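Everything on this sheet refers to the single structure shown next.
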Amino acid sequence: MSHRLLETADIPGYLRDHGHWDGSGEVAVHEVSDGNLNRVFIATGAGWSLAVKQALPWVRVAGPSWPLSPARADAEARAYRAVAAVAPETIPVVHGYDPADYVLVMEDMSDLRVLRTVLNEGGGYGGASDAIGLFVARLSFATSDFGMTSAERKALLAESVNPELCKITEDVVLSEPYLEHEHNHWHPDLADLAAAYRADAALRTEIAELRHLFMSGAQALLHGDLHTGSIIVGNRAGAEVVRVFDPEFSYVGPIGFDLGLYWGNLVAAESRARVLGAVGEHAGQLARSWAAFETEFRRLWPQRADTFFDDAYLDRFLRRVWADSLGFAGAELIRRIIGYAHLTDLDSLPDATAARHALLVGRELVLRRAELATPADVAALVDDLA
Ligand code: SR1
Ligand code: MG
Ligand code: MG
Ligand code: MG
């Protein structure tokens, strides 16, 4: 059954009927839809404001020709609930979820700024990488076999499926860029690398392994799309604020997928900064986010539900998460340059110099993820390919 699609004029009545507004005073509403999939409105009254996000039955940027179940909003609401239990300060306040119309009513964050936009304008990360490391550690530990009993985990696995959005990632991130596909596009100066990557058997097999890990490596509940456009930053009352939003791709998958998406976007931002003549701080941010993740994961380890997992296994597990993260970072870079959904970081530049650098780094991260042992190794790779 189809749901009611909200337009700007519908928002005040929707908020009143669902108990978010008492109906008094004036309300101004404007649409701020920006992501690829959904519609978002900001409603402002006297002394209050709210964000209203609705999932459409299709991909917003493609239109009805690309249908997509609005049940992705269920996955988003579920992810927010899971994070709220362990790291509430890292997400927006959710005032309500309406599963009949796939609507989330949330804190208005329009006083804050999307991290990608800040970086594109030459701004810095502040404490974003520390917050991301903490976010991934808290969410992943709590929803892994370390943070839950075996029975709780089976229930989580059963309720956290998100098949259509997983399939998008399996396609647009983890296969299409290596095939002839109508979704793919690239800067004309990158046609050589796009063709070379399609013909690269070693790269294809490594991507197949990452794709299989994404499909079968049910380690913990993920955000599922943790790029720099899913992070919002700023200051409130003199204190720094970092919030993660848009977890509609959330499902139970490999922890390295979340860290890897963030890292791929750090490298893209670094490639951009270099061609603009700035010495990027981005490589240092990879180290910072990993340190925050590892520190928090190790802090939580004594609380694990199953002590058969010993300390030596923790070391082995974290090494694997590190290498997986590098692989997914590489895949993220490649798909953002020769696949369907590109990055303003690179597309807004006058030529493809930065994109070429990021594309080359992406391939090396995928192929050499097992031998790149430290953040310094990654920083050296980024330098060597510049
Ligand atoms: C059709 S969706 C393409 C991309 O947009 C989302 O933000 C995800 O990154 C997805 O891969
Ligand atoms: Mg949604
Ligand atoms: Mg209703
Ligand atoms: Mg998004």
Side-chain angles (χ1 to χ4, degrees), residues 31-40 51 53-80 83 91-92 94 102 104 106 109 112-117 132 135 162-179 181-186 207 210-211 214-215 222-233 243-251 253 257-269 328-347 362:
E31 184 173 356
V32 293
S33 307
D34 183 35
N36 291 325
L37 301 187
N38 306 297
R39 293 186 83 182
V40 182
K53 176 175 180 177
Q54 183 173 44
L56 302 170
W58 52 73
V59 172
R60 186 182 70 82
V61 292
S65 66
W66 189 339
L68 189 66
S69 168
R72 61 188 183 269
D74 296 344
E76 180 161 9
R78 214 161 40 225
Y80 276 136
V83 182
I91 52 171
V94 177
Y102 305 103
L104 276 158
M106 296 185 293
M109 301 191 294
L112 306 174
R113 303 195 69 216
V114 172
L115 179 58
R116 185 187 307 291
T117 309
I132 294 306
F135 168 88
N162 194 3
E164 281 191 79
L165 270 68
C166 286
K167 184 69 166 76
I168 286 180
T169 302
E170 291 155 20
D171 292 344
V172 306
V173 183
L174 295 167
S175 60
E176 287 172 7
Y178 310 91
L179 304 168
H181 196 285
E182 63 182 6
H183 279 164
N184 296 333
H185 57 108
W186 47 78
I207 291 292
L210 290 164
R211 187 169 190 261
F214 179 86
M215 296 164 99
L222 308 184
H223 175 284
D225 196 26
L226 192 47
H227 53 77
T228 49
S230 298
I231 301 164
I232 201 153
V233 297
R243 299 264 199 279
V244 174
F245 67 107
D246 249 9
E248 67 211 326
F249 282 79
S250 180
Y251 82 113
F257 190 75
D258 273 355
L259 286 171
L261 253 66
Y262 183 60
W263 293 356
N265 283 262
L266 297 187
V267 172
F328 287 123
E332 169 71 356
L333 281 166
I334 293 169
R335 73 97 170 203
R336 291 296 195 178
I337 299 166
I338 63 174
Y340 176 72
H342 287 206
L343 301 176
T344 54
D345 320 33
L346 301 172
D347 279 9

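Note that this is a predicted model, so its numbers are computed, not measured. In listed order, ligands and their atoms are each counted from 1.
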Could you list which atoms of ligand 1 come closer than 4.0 Å to a heavy atom of [X]?
X: Asp225; result: 6 (C), 7 (O), 8 (C), 9 (O)
X: Val172; result: 11 (O)
X: Phe249; result: 6 (C), 8 (C), 10 (C)
X: Tyr340; result: 1 (C)

**Report entry** Arg78: salt bridge (Lys or Arg N to Asp or Glu O under 4.0 Å) partners, not counting sequence neighbours
**Finding:** none
Report task. For ligand 1, indicate whether the residue Arg60 contacts it via side chain, backbone, both or neither (heavy-atom separation under 4.0 Å). Result -> neither
Would you check if [X] and [Y] make a side-chain contact, meaning some heavy-atom pair closer than 4.5 Å?
X: Val40; Y: Asp34; result: no
X: Leu37; Y: Phe249; result: yes
X: His342; Y: His185; result: yes
X: Trp186; Y: Ile337; result: no

Query raised in the report: In the protein, which heavy atom is nearest to atom 1 (C) of ligand 1, and how far is it?
Result: Trp66 CH2, 3.5 Å
Query raised in the report: How far is atom 2 (S) of ligand 1 from its nearest protein heavy atom, and which residue and atom is that?
Result: Leu37 CD2, 3.9 Å
Query raised in the report: Is the Mg ion (ligand 4) less than 2.8 Å from at least one N/O/S atom of Asp246?
Result: yes
Report task. Could you tell me whether some N/O pair between Arg335 and ligand 1 is separated by less than 3.5 angstrom? Result -> yes
Report task. Could you tell me whether some N/O pair between Asn36 and ligand 1 is separated by less than 3.5 angstrom? Result -> yes
Query raised in the report: Relative to the ring of Tyr340, is the ring of His183 parallel (under 30°), tilted (30 to 60°) or perpendicular (over 60°)?
Result: tilted
Report task. Tell me yes or no: between the side chains of His223 and Asp225, is some donor less than 3.5 Å from an acceptor? Result -> no
Query raised in the report: Would you say Arg336 contacts ligand 1, with heavy atoms under 4.0 Å as the rule?
Result: yes
Distance-only criterion, 3.5 Å: show the donor-acceptor pairs between side-chain atoms of residues 57-68 and protein atoms not counting sequence neighbours.
residue : atom : partner : partner atom : Å
Arg60   : NE   : Gly35   : O            : 3.2
Arg60   : NE   : Asn38   : O            : 3.0
Arg60   : NH2  : Gly35   : O            : 2.7

